[in-house]
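We number each residue from 1, following the sequence as shown. Everything numeric here is computed off the predicted structure, so don't read it as measured data.
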Amino acid sequence: MRQIKLIWDFRGEASAKTAEHHEIHLKEYIAIEKFPINSTGFEIKNELHAIAYMVVTDENMISVRDALKPHRGEIYSVQ
């Protein structure tokens, strides 16, 4: 089954801390909704840009997208 990486972008000097904190809320959402996939994380892209992300399946993507309003998404593949 195809997986989608939903991404929230954070910019500015506090972007790393904000992305790290946002991941906590993503994990809480997964627990509340009892999603079978528990893949979240955050990445620091540079000193002024960081992201938080959640990986979902195709079947869950629409409901998560509508509830949490990510900034963008991409096909997820393990590298």
* Structure fact -> Residue set satisfying side chain to side chain contact (heavy atoms under 4.5 Å, CB included) with Lys27, at least two apart, ordered chain then number -> Glu23, Thr40
* Should Ile7 and Val55 be counted in the same cluster of Ile, Leu, Val, Met, Phe, Trp and Tyr side chains packed under 4.5 Å apart? -> yes
* Does any pair with a residue in residues 31-64 pass ring pair (Phe, Tyr, Trp, His ring centres under 6.0 Å), and if so which ones, sequence neighbours excluded? -> Tyr29-Phe35
* Asked: What heavy-atom pair brings Asp9 and His71 nearest, and what distance separates the two atoms?
  -> N-ND1, 2.7 Å
* Considering only heavy atoms from C-beta outward, does the side chain of Leu6 approach that of Leu68 to under 4.5 Å? -> no
* Test salt bridge (charged side-chain N to carboxylate O under 4.0 Å, His left out) applied to Glu33 - qualifying residues, sequence neighbours left out -> none
* Exceeds 12 heavy-atom contacts within 6.0 angstrom, atom CD of Glu28 -> yes
* Are Trp8 and Ile62 linked, directly or through other ILVMFWY residues, by side chains that come within less than 4.5 angstrom of each other? -> yes
* CD (Glu13) with more than 12 external heavy atoms under 6.0 Å -> no
* **Lys17 vs Phe10 side-chain heavy atoms within contact, under 4.5 Å** => no
* To do: Hey, could you give me each pair passing salt bridge (charged side-chain N to carboxylate O under 4.0 Å, His left out) that has a residue in residues 61-71? Not counting sequence neighbours.
  => none
* Distance in Å, Ile37 CD1 paired with Glu59 CD, rounded so as to fall on 0.5 Å steps -> 8.0 Å
* **Which atom of Ala52 lies closest to which atom of Ala19, heavy atoms considered** => CB-O, 3.6 Å
* **ring-ring contact (aromatic ring centres under 6.0 Å, His included) partners for Tyr76, two or more places apart** => none
* Flag side-chain contact, heavy atom, 4.5 Å: Ile51 against Arg72 -> yes
* **Close side-chain approach of Asn60 and Pro36, heavy atoms under 4.5 Å** => yes
* CZ on Arg11 to CG on Asn46, rounded to 0.5 Å -> 8.0 Å
* When rounded to the nearest 0.5 angstrom, what distance separates OG in Ser39 from CD1 in Ile30? -> 7.5 Å
* Which residues satisfy the side chain to side chain contact (heavy atoms under 4.5 Å, CB included) test with Ile75, sequence neighbours excluded? -> Arg2, Ile4
